[in-house]
Amino acid sequence: MKELMLGNKAVARGMYEAGVTFISSYPGTPSTEITEEAALYNEIYCEWAPNEKVALEAAHGASLGGVRAACAMKHVGLNVAADPLFTISYQGLNAGLVICVADDPGMHSSQNEQDSRHYAIAAKAPMLEPSDSEECRLFTKLAFELSEKYSTPVFIKLCTRVSHSQSIVNPEMRVDIPKVPYVKDPTKVMMTANSRNAHVRVEERTKALTEYAESAGINRVEMSDTSVGIITSSTCYQYAREVWGDNASYLKIGMINPLPIKLIRDFAAKVDRLIVLEELDPIIETHCRLLGLDPVGKMPAFTQDDNRPYFPICGELSPNIIRKCMGMDVPASKALEDEIPMRPPVMCAGCPHRGIFYILKKKKCMVYGDIGCYTLGAIAPLNAMDLNVCMGASCSGLHGFNKAMGKEGETHSVGVIGDSTFIHSGITGITDIAYNMSNSTIIILDNSITGMTGHQQNPTTGKNLRGEPAGKVDLEALCRSLGYNRISVVDPYDMATFEEVLTTELAAEEPSIIISRRPCVMIKGTVHKPPIEPRIDKCVGCKACMQIGCPAISVKDGKVRIDTTLCIGCNVCSQMCRFGAL
């Protein structure tokens, strides 16, 4: 029976139908729903791992144990998983292993715009790229077949528009796959001669996969008007069909690595003008140029014609962007001329991080940030975060900063990191601080959940992916075991106490940890206080309460107003008011 599904949900359905029994992932937008949807099937064991490296290693271990396994992550998570990826590609598998990676062109929820196709090329692992939800389901099933046939991990590469768009899917029954017996194989120990021999096998595998790509239905030719031929993949295929319709012919690439050779040359020979349409980096275009072709794409430097159209290398594409790049008129019915007002993200009303950042700004601290919803501490009016790099960098980066700055840095700088991100990759950073002794102060923002990706559990919450009781990391005991003598736990709603603790720890002559502990206000079941009732008669219109940037607070006719549908009674604003108006 047909069903409308998100791309991520369709990937999970494909895993179910393929007989997958093990999935380990770390949540990351836009990939998170893959594992959440898969967890709804009782036949699939699903878990949140501490980070993507652990997730891939666990999934690989399950593959060695004889069951079909998978992991999912966003593009920057693949950086973390890269270490095991390259060796697993050499080593080979027992049962099928599929890695789902979701890119984020346009950086809707990411710190960079990297293109994961480079990883497939570098790791010499096949990558399939669906363009709608039904292909998500079908390609996922095919990925496991290819994984086992060629003894290789296989990528399913998604993007925000495919992951979070819905289209029709035709679900099928699950096929239970017998467990593959584990057989000891000394050649799988990746060292010296074994590794050299494995590299030879990988190159032979790539040749075989390239031959497969020439005739596999996953790469399909759609011939129509031959005046224009478009080579494309993923969501760009949908855009191309919308722009050109039957006024062009198409080579839709479903296997983005390895790319076919003869198929592309034959297609190019049949059309008058060749266009390569892809988002981010010119991966397909570069391949075409290596084959001696000169398509319209992203590289104007390859042509002597300065007026030749080309597509942007940054950001998402869209049908209208494509039309404008090609010099085509945008139909009035498809034009979007009205300016859409900006809606910058803000921390929720009552967010426990808000008061922390206000005090850090007040103290004029250099704040080395990290990845999480608390990154919004960089936005006005708080403007409290100096920079962020990647998950865990706040700890190790602050250590290096303070070693360079000396006392000047140590007494005026902090690192901030969330509880989930701390487990992900902050532990090694604070170990570096304790071991190599910089007088650095780390603030762990413990809001009892993985907030930025939609409230997933993590090893500090005491619950697993399904909400069942699980092992719980004791942050205080962990930090103490790593060599920290100064560990403070504060309530972020008590700004005076936090400021006092912060002042003390910045002046301390040894490393210190401050744990800001209060649950995220959006966690289901969290008990809130009644909303603040402003006393308009006492408000002098100083707007001090506006300095914390709470969306529940506004000023109208020179007097403070509280939106009672948003306010949760945290009383942070009350501590800002010197006149008793809140």
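Residues meeting the side-chain hydrogen bond (donor to acceptor under 3.5 Å, both in side chains) test with E148, sequence neighbours left out: R68.
Judged by distance alone, with hydrogens and angles left aside, the side-chain atoms of S89 form no donor-acceptor pair with the main-chain N or O of F86 at under 3.5 Å. At distances below 3.5 Å, not a single donor-acceptor pair connects side-chain atoms of T421 with backbone N or O atoms of I417. Between the T206 side chain and the V202 main chain, a donor and an acceptor come within less than 3.5 Å of each other. Side chain of Y374 to main chain of I371: a donor-acceptor pair is present (N/O by atom type, distance under 3.5 Å, no hydrogens or angles). In this structure, E134 contributes its side chain and N170 its backbone to a donor-acceptor pair below 3.5 Å. Between the side chain of R174 and the backbone N or O of V20 there is at least one donor-acceptor pair closer than 3.5 Å. Without hydrogens or angle criteria, E242 side chain to Q238 main chain gives no donor-acceptor distance under 3.5 Å. Side-chain N or O atoms of N112 include none that pairs as donor or acceptor with a backbone N or O of V76 at under 3.5 Å.
To the nearest 0.5 angstrom, M15 atom CE is 12.0 Å from T21 atom OG1.
By the 4.0 Å N-to-carboxylate-O rule, R137 lies close enough to E172 to be salt-bridged with it.
Checked against K252 for a salt bridge (charged side-chain N to carboxylate O under 4.0 Å, His left out), the options E135, E222, E129 give a single hit: E135.
Cation-pi geometry between R220 and Y237 is satisfied (NZ or CZ under 6.0 Å from the ring centre, within 45° of the ring normal).
The two residues T210 and L259 come nearest to each other via the heavy atoms CG2-O, 3.8 Å. Residues V101 and M127 share a closest heavy-atom pair of CG1-CE, 4.3 Å.
Side chains of H75 and E113: no donor on one and acceptor on the other come within 3.5 Å. A donor and an acceptor atom, one from each side chain of Y26 and S420, are located under 3.5 Å apart. Using modelled atom types, one finds no donor on one side chain facing an acceptor on the other under 3.5 Å when comparing N94 with S63. Between the side chains of D185 and T187, at least one donor N or O lies within less than 3.5 Å of an accepting N or O. S110 and K74 are linked by a side-chain donor-acceptor pair at a separation below 3.5 angstrom, with hydrogens and angles left out of the test.
The number of heavy-atom neighbours closer than 6.0 Å to NZ of K179, taken from other residues, nucleotides and ligands shown, is 12 or below. Within a 6.0 Å radius of CE in M326, more than 12 heavy atoms belonging to other residues, nucleotides or ligands are found.
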Go through the steps to decide whether L277 and F311 satisfy the test side-chain contact (heavy atoms from CB on, under 4.5 Å), and finish with yes or no. CA-CA 8 Å; L277 194 60; F311 303 108; 3.7 Å; yes

